> 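Below is the structure I would like to discuss, written out as structure tokens.
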Protein chains: 2
Amino acid sequence: MKKPKKEKNEDDFAPALIAASRAMVAAGMAELIACGFDSMTPALVSLMPLLDKDGVRPTALSQQARVTKQAIGQLVRELEARVYVEQLPDSTDTRAKIVRLTKRGVVLQAACAKARRKLQSVAIAKLGKSKVLRLQQDLIELAVLLEKTRTR
Amino acid sequence: MKKPKKEKNEDDFAPALIAASRAMVAAGMAELIACGFDSMTPALVSLMPLLDKDGVRPTALSQQARVTKQAIGQLVRELEARVYVEQLPDSTDTRAKIVRLTKRGVVLQAACAKARRKLQSVAIAKLGKSKVLRLQQDLIELAVLLEKTRTR
DNA sequence: CTCCGATAGTAAAGGTTCTTGACTATGTAG
DNA sequence: CTACATAGTCAAGAACCTTTACTATCGGAG
């Protein structure tokens, strides 16, 4: 008998993290829908903070979002179909494109930022501001660390 | 000009949480593959801590995992195809099934637990034990809170 | 200038995870 | 016995992302 008494927690860190992440995504989407933005998906929303009225390269997006260029290509097409972004040729490089927020897109981006802030304020109300900010910083460090550790 | 200076962070809590969660999943899968368990997927792995040598009801799994019964049904079928679980009729209820770990499944479960513990130890090495445990608790509270808040 | 490797992007196909909607069969309370 | 809830299933499809393979352009070495 390795564990005669059940030791409550033990190694439930990863499950907790994943559950919190999912809950966060669901809450964020609900928030956004409540603001009138239906037809959005989590992946599309996740791109909004990376976009810009001045335009960004798809490749830059793919690096920041840590997904393939193809994945970004698909998401950008979806955003374009919903008229939240437009794609233009990059005048400095014939191969490249520039993805730029439309006016509609700027409005959406603001709504996304507002939703994120609201969720953060919910967390702060529960856990306290300093704790949440520390938590945020710890999560970032943890993500960086885990990517390095990746048992290569 | 609402924000003349860029205030570094602001509302990056949700993105940080999601990124950390993804990194955790990726690291966990890499760990498991390194232990010789290929052919697993994140969703299947996430079910392992909920399973049991004595057997559990699919419905119970679906409640704990917070997904539909159909989703559990699919995942259990996959685990069964890989011979990590077997399904038996529940003698106390003709409608119900019992999902039970096979010997192979018990071994896998142990490997999953080990991988989770390893990742947790990585986090502890970076952030400190008390901090990680507090983080874990905070994440659980946060998830509960967010599910209640869901802007109904 | 030409050639070549690196970079930007695209196309197609498929894997994984999960949901909705519709349905069957059994249990249970009144 | 009827009525409703519960256990589980099937089918279809949405969402997200990857791999493989490809085209076109860029930019430097010679």
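All values reported here derive from a predicted model rather than from experimental measurement. Below, chain A is the first sequence line, B the second, and so on; all start at residue 1.
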> Between OH of B:Tyr84 and CE of B:Met48, what distance do you get to the nearest 0.5 Å?
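Between atom OH of B:Tyr84 and atom CE of B:Met48 there are 8.0 Å.
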> Can you tell me how far P of D:dC16 sits from CG of A:Leu47, to the nearest Å?
11 Å
> For A:Lys69 and D:dT23, what is the distance between atoms NZ and P respectively, to the nearest whole Å?
15 Å
> Can you measure from CG (B:Leu61) to OG (B:Ser46) and round to the nearest 0.5 angstrom?
10.0 Å
> Kindly point out which of D:dC17, C:dA8, D:dA7 is positioned nearest to the side chain of B:Arg57?
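Looking only at heavy atoms from C-beta outward on B:Arg57, the closest nucleotide is D:dA7.
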> Find the distance A:Ile18:CD1 to C:dT17:P and express it as a whole number of Å.
12 Å
> Can you tell me how far the NZ atom of B:Lys53 sits from the CZ atom of B:Arg100, to the nearest 0.5 Å?
7.5 Å
> Working to the nearest 0.5 Å, report the span between CD of B:Glu31 and CG of B:Leu119.
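Result: 6.0 Å between the selected atoms.
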> Just wondering, are more than 12 heavy atoms of other shown residues or ligands nearer than 6.0 Å to NZ in A:Lys126?
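At most 12 heavy atoms, drawn from other residues, nucleotides or ligands, come within 6.0 Å of this atom.
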> Between the protein and nucleotides 21-23 of chain C, list every N/O to N/O distance that falls short of 3.5 Å.
residue, atom, partner, partner atom, Å
C:dG21, O6, B:Gln70, NE2, 2.3

> Round to the nearest Å and state the distance from A:Leu44 atom CG to D:dA14 atom C1'.
12 Å
> Regarding B:Ala71, tell me which of base, sugar-phosphate or nothing describes its non-hydrogen contacts under 4.0 Å with the strands shown.
base
> Check the distance between C:dT17's P and B:Ile72's CD1 and give it to me in whole angstrom.
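The answer, rounded to whole Å, is 12 Å.
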> Without swapping roles, check the side chain of B:Arg104 against the backbone of B:Arg82 for a donor-acceptor pair under 3.5 Å.
yes
> Rounded to the nearest 0.5 Å, what separation is found between the CD atom of A:Gln120 and the CG atom of A:Leu133?
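The CG atom of A:Leu133 is 6.5 Å from CD of A:Gln120, to the nearest 0.5 Å.
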> Considering non-hydrogen atoms only, spot the tightest contact between B:Leu47 and B:Ala65 and give its length.
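Smallest heavy-atom distance, with atoms named: CD1-CB, 4.4 Å.
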> Whole angstrom is fine here: how far is it from CG in B:Asp38 over to P in C:dG15?
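These atoms are roughly 16 Å apart.
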> Please report, rounded to the nearest Å, how far the P atom of C:dC18 is from the CG atom of B:Leu75.
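These atoms are roughly 6 Å apart.
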> In residues 76-98 of chain B, which residues come under 4.0 Å of DNA chain C by heavy atom?
B:Asp93, B:Thr94, B:Arg95
> Round to a whole Å and report the spacing from CG of A:Leu61 to P of C:dT10.
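Those two atoms, CG and P, are 12 Å apart.
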> Calculate, to the nearest 0.5 Å, the distance between atoms CG and CG belonging to B:Leu17 and A:Leu135 respectively.
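Nearest 0.5 Å value for the CG-CG distance: 7.5 Å.
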> More 5' along DNA chain D: A:Thr68 or B:Gln63, using each one's nearest nucleotide?
B:Gln63
> Is the distance from OP1 or OP2 of C:dG15 to the nearest side-chain N or O of B:Thr41 less than 4.0 Å?
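Checking B:Thr41 against C:dG15: no side-chain N or O falls below 4.0 Å of OP1 or OP2.
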